[in-house]
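Quick caveat, the model's predicted, so the values are computed rather than measured. Quick note on labels: first sequence line is chain A, next is B, and so on, each numbered from 1.
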Amino acid sequence: MPLKIYNSLTRQKEIFEPINAPYVGMYVCGPTVSGESHLGHARPFITFDVVFRYLLHKGYKVRYVRNITDAGHFEEEGKVAEDKIATKAILEKLEPMELVQKYTQLYHWAMDQFNNLPPSIEPTATGHIVEQIEMIKKIIADGYGYEANGSVYFDVVKYNDVYSKKNQPYGILSGRNLEEQLDTTRELENQEEKKNKVDFALWKKAPAEHIMRWQSPWGEGFPGWHIECSAMATKYLGKKFDIHGGGMDLQFPHHECEIAQSTVCNHELPARYWMHNNMITINGRKMGKSYNNVIKLSELFTGNHPELTQAYAPMTVRFFILQSQYRGTLDFSNEALQASEKALKRLMEGYEWLKAQSFVGEAKAKDEALDLQLNKWIGELTEFMDDDINTAKVVANIFEIIPVINSLKDKHITQDAVATSTWNHVQSQLVVFIESILGLKVEAGANLEQLKGVIDLLIEIRKESKANKDFATSDKIRNQLMNMGIQLKDEKDGSMSYTFS
RNA sequence: GGUCCUGUGGCCGAGUGGCUAGGCAGAGCUCUGCAAAAGCUCCCACAGCGGUUCGAAUCCGCUCGGGACCUCCA
């Protein structure tokens, strides 16, 4: 069964065919590390982590490149605008690379919390200034870039004129029409250097107070926002690669500009499939810095934010994101996160139990309908992933299976209701989908083994007191543990199990 | 203003021209010393108004509502 993904470039689902199978090149726009990542940032990184995992599962050899934007205009978060002018104060207090280091580490920590696999290559903009300058030189040499006042701009109008004839007009990705852009774009400052207001910067001259600056053929400055992705994608994935991903808000202008730059340099569209995840909203509005409505990841994990009624574990957040399809908006609320938290708990408990079972023998199914149904649900998991990475449907199907697992656990059904081979199939496939593809895991605490030993001891005492009808003691053990967030459960067979809440 | 997306049950969210996703919450039942967990059952929604169709939440039009982007901004 082929994998189909929605290609923003063609606005339809297409069968995914790598340029050089089994190799797949995927580039995803990473974070700007001038501040801490927030919930909205988590979505693309989790979404494309699942894409990465699924491609690996499919047997592709994937090179996943996700950049770190650490060049550009930097200011410490929370500082008022005047600080920018106070050059001396900034120089004394703020070393850009110190900021970059801090937020890069924080970002890596968050990615790890989410159980995101590290990308194959994580290039930084500052580490590729040379490549960017070379690319700009090439664009100028080809007549699509021009220098003005120490800055270099891309000539969008010329590009559009020439490439429209090749059916690759500027706006090919976002469906924009350049003439309309010229008519409707609002007035902005510092536009007088440009030939046309639609032109974008390839290189910016650094003002005196700007602290991140590099030497270039056009003087001291810093690269334009878009060029780093073009330069690094070309360097590590080649002139044409398979997938380019990122948030929908980057489609225009960022990805459009990338296409223009790369096309001029490499004479072909850079990526075949463009994938864009939708936004996370809060109260119906995009979560973003400009709306001042972000919840940072550290705040989310600690519950330390006015909008939050509690802390949410990274896995809860991951699961919350995977419960929707990546192309739809996803609305944040405490209610929704709490629903995900409970759902994930139920899912993982059922799953963990099944995983610990061993099914031996060659028994045939007594309940053929159930057997068939289980196989169908499992089989559909692949279909759903193949249909544009529909994790929402995958999760839904897993929830069809969970009650069957719990029924076996609670002996509402017997093991021979379903063929041994089916149980083994369900077991192995759930490991693949839940752990390898969705990337979900049980959060394990420290010193877990000792803690388990202590709990087992308490369980033993509780069993004894129950046997002696000493319910005061048995209840005390259960209730006190409950207060500490450890929930004891009496099982049907007289044993006791527990979960950490 | 321009371009585009969208409106699903209390909440979050899938989805297809006809076969009522799933989760959470709520109700009942079973199990059980009690509790929790679990299982079973119930809660049959698709903004409004027209149209196409044997049949539309799913296609078309209009109305109302929400949102995204519109180039130096990370």
J.: Please enumerate all residues that pass ring-ring contact (aromatic ring centres under 6.0 Å, His included) together with A:Phe332, with sequence neighbours excluded.
T.: none
J.: Between A:Glu98 and A:Lys102, does any side-chain N to carboxylate O distance fall below 4.0 Å?
T.: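 No, this pair does not count.
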J.: Yes or no on ring pair (Phe, Tyr, Trp, His ring centres under 6.0 Å) for A:Tyr312 and A:Phe320, after CA distance, side-chain angles and deciding distance?
T.: CA-CA 10 Å; A:Tyr312 298 100; A:Phe320 170 66; 8.7 Å; no
J.: Just checking A:Lys205: does its NZ atom have more than 12 heavy atoms from other residues, nucleotides or ligands closer to it than 6.0 angstrom?
T.: no
J.: If you measure from the P atom in B:U3 to the same atom in B:U71, how many Å do you get, rounded?
T.: 16 Å
J.: Of the listed nucleotides (B:C70, B:C24, B:G13), which one gets closest to any side-chain atom of A:Ala343?
T.: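 Side chain of A:Ala343 sits closest to B:C24.
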J.: Say you pick atom P in B:G9 and the same atom in B:A45; how far apart are they, in whole Å?
T.: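 Between the two P atoms, the distance is 11 Å.
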J.: Does A:Asp387 pair with A:Lys393 as a salt bridge, N-O distance under 4.0 Å?
T.: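 No, this pair does not count.
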J.: Atom pairs under 3.5 Å, N or O on each side, protein against nucleotides 63-68 of chain B: can you list them with distances?
T.:
residue	atom	partner	partner atom	Å
B:A68	OP1	A:Tyr291	OH	2.8

J.: Among all residues two or more places apart in sequence or in another chain, which pass the salt bridge (Lys or Arg N to Asp or Glu O under 4.0 Å) test with A:Glu435?
T.: A:Lys355
J.: Below 3.5 Å is the cut-off: list the nitrogen or oxygen pairs between protein and nucleotides 25-27 of chain B, distance only.
T.:
residue	atom	partner	partner atom	Å
B:A25	OP1	A:Lys342	NZ	3.2

J.: Please pick, from B:A14, B:A21, B:G39, the nucleotide with the shortest atom-to-atom distance to any side-chain atom of A:Ala396.
T.: B:A21
J.: Which part of the nucleic acid, if any, lies within contact of A:Ala336, taking any heavy atom under 4.0 Å across all strands shown: a base, the sugar-phosphate backbone alone, or nothing?
T.: sugar-phosphate
J.: Please give, in whole Å, the distance from B:G22 P to A:Phe384 CZ?
T.: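 Atom CZ in A:Phe384 sits about 11 Å away from atom P in B:G22.
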J.: Looking at A:Lys158, I'd like to know if its NZ atom is crowded, meaning that more than 12 non-hydrogen atoms belonging to other residues, nucleotides or ligands lie closer than 6.0 Å.
T.: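 Yes, because the 6.0 Å sphere around NZ of A:Lys158 holds more than 12 heavy atoms from other groups.
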J.: Starting at the 5' end of RNA chain B and moving along, which residue's nearest nucleotide shows up first, A:Lys409 or A:Leu250?
T.: A:Lys409
J.: Pick base, sugar-phosphate or nothing for A:Ile398, based on heavy-atom distances below 4.0 Å to the nucleic acid.
T.: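 Counting heavy atoms under 4.0 Å across all strands, no contact is made by A:Ile398.
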J.: Go through the structure and list residues passing ring-ring contact (aromatic ring centres under 6.0 Å, His included) with A:Tyr351, not counting sequence neighbours.
T.: none
J.: With a non-hydrogen cut-off below 4.0 angstrom, is A:His226 in contact with a base, only sugar-phosphate, or nothing?
T.: base
J.: Taking only distance into account, with no hydrogens and no angle test, what donor-acceptor pairs under 3.5 Å do side-chain atoms of residues 374-386 of chain A form with protein atoms, sequence neighbours excluded?
T.:
residue	atom	partner	partner atom	Å
A:Asn375	ND2	A:Asp371	O	3.0
A:Asn375	ND2	A:Asp371	OD1	3.2
A:Asn375	ND2	A:Thr422	OG1	3.3
A:Lys376	NZ	A:Glu380	OE2	3.3
A:Trp377	NE1	A:Gln373	OE1	3.1
A:Glu380	OE1	A:Asn397	ND2	2.8
A:Asp386	OD1	A:Tyr54	OH	2.8
A:Asp386	OD1	A:Lys58	NZ	2.8
A:Asp386	OD2	A:Lys58	NZ	3.2

J.: Check side-chain contact (heavy atoms from CB on, under 4.5 Å) between A:Pro253 and all other residues, then give those that pass, not counting sequence neighbours.
T.: A:Trp225, A:His226, A:Cys257
J.: Give the C-alpha distance, both sets of side-chain angles, the deciding distance and a yes or no for side-chain hydrogen bond (donor to acceptor under 3.5 Å, both in side chains) between A:Ser340 and A:Thr316.
T.: CA-CA 6 Å; A:Ser340 291; A:Thr316 298; over 6 Å; no
J.: Give me the distance, rounded to whole Å, that separates B:G26 from B:U16 when you measure between the C1' atoms they each carry.
T.: 29 Å
J.: Which residues satisfy the ring-ring contact (aromatic ring centres under 6.0 Å, His included) test with A:Tyr498, sequence neighbours excluded?
T.: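 A:Phe500.
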J.: Give me, pair by pair, the N or O atoms of the protein and of nucleotides 15-18 of chain B that are less than 3.5 Å apart, along with how far apart they are.
T.:
residue	atom	partner	partner atom	Å
B:G15	OP1	A:Asn390	ND2	3.3

J.: To the nearest Å, give me how far apart CD (A:Gln323) and C1' (B:C11) are.
T.: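 Result: 12 Å.
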J.: Determine the contact category for A:Glu400: base if any of its heavy atoms lies under 4.0 Å from a base atom, sugar-phosphate if only primed atoms, P, OP1 or OP2 are that close, otherwise nothing.
T.: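 Sugar-phosphate, no base atom in range.
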J.: Could you state the CG-P distance from A:Leu337 to B:G13, rounded to the nearest angstrom?
T.: 11 Å
J.: Say we look at B:C70 and B:U63: how far apart would their C1' atoms be, to the nearest angstrom?
T.: 26 Å
J.: Would you kindly compare A:Lys489 and A:Phe200 by the position of their nearest RNA chain B nucleotide and give the one closer to the 5′ end?
T.: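 Of the two residues, A:Lys489 wins.
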J.: Quick one: are A:Arg43 and A:Ser324 in side-chain contact, heavy atoms under 4.5 Å?
T.: yes
J.: Identify all pairs in which a protein N or O lies below 3.5 Å from an N or O of nucleotides 28-34 of chain B, and state each distance.
T.:
residue	atom	partner	partner atom	Å
B:G33	N1	A:Asp475	OD1	3.1
B:G33	N2	A:Asp475	OD2	3.0
B:C34	O2	A:Arg478	NH2	2.7
B:C34	N3	A:Arg478	NH1	2.8
B:C34	N4	A:Asp490	OD2	3.0

J.: Could you tell me how far apart A:Glu228 (CD) and B:C73 (P) are, to the nearest whole angstrom?
T.: 16 Å
J.: Between CD of A:Gln132 and NE2 of A:His128, what distance do you get to the nearest 0.5 Å?
T.: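 With rounding to 0.5 Å, CD (A:Gln132) is 8.5 Å from NE2 (A:His128).
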J.: Indicate whether OP1 or OP2 belonging to B:C24 is found under 4.0 Å from a side-chain N or O atom of A:Arg346.
T.: yes
J.: Please state how far atom CZ in A:Phe154 lies from atom C1' in B:U71, giving the value in whole angstrom units.
T.: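 Between C1' of B:U71 and CZ of A:Phe154: 13 Å.
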J.: Take the protein atom CG of A:Leu347 and the nucleotide atom P of B:G39, then report the distance between them rounded to whole Å.
T.: 11 Å
J.: Could you measure between the two C1' atoms, the one in B:A56 and the one in B:U41, and give it in whole Å?
T.: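 The answer is 30 Å between these two C1' atoms.
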J.: Provide the distance between the two P atoms, one in B:G22 and one in B:C42, to the nearest whole Å.
T.: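 After rounding to an integer number of Å, I get 11 Å for this pair.
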J.: Specify the separation, in whole Å, of atom CZ of A:Phe252 and atom P of B:C73.
T.: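 Answer to the nearest Å: 15 Å.
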J.: Of all the base pairs, Watson-Crick or G-U under 3.5 Å, which form stems of three or more consecutive pairs involving RNA chain B?
T.: B:1-7 with B:64-70, B:10-12 with B:22-24, B:26-30 with B:38-42, B:47-51 with B:59-63
J.: Under 6.0 Å from the ring centre and within 45 degrees of the ring axis: does the NZ or CZ of A:Arg176 meet both conditions for the six-membered ring of A:Phe252?
T.: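 Because its charged atom sits under 6.0 Å from the ring centre and within 45° of the axis, A:Arg176 does stack over A:Phe252.
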J.: Look at the rings of A:His244 and A:His255 and say which category their plane angle falls in: under 30° parallel, 30 to 60° tilted, over 60° perpendicular.
T.: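 It falls in the perpendicular class, over 60°.
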J.: Considering only the C1' atoms, how many Å lie between B:C46 and B:G10, rounded to the nearest integer?
T.: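 Their C1' atoms lie roughly 15 Å apart.
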J.: Is there a salt bridge (Lys or Arg N to Asp or Glu O under 4.0 Å) between A:Lys489 and A:Glu349 once you walk through the steps?
T.: CA-CA 12 Å; A:Lys489 294 179 230 173; A:Glu349 280 177 28; 2.7 Å; yes
J.: Which residues satisfy the ring-ring contact (aromatic ring centres under 6.0 Å, His included) test with A:Phe154, sequence neighbours excluded?
T.: A:Tyr159, A:Phe200
J.: When the distance from CG of A:Leu438 to C1' of B:G22 is rounded to whole Å, what number comes out?
T.: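 A:Leu438 atom CG is separated from B:G22 atom C1' by 14 Å.
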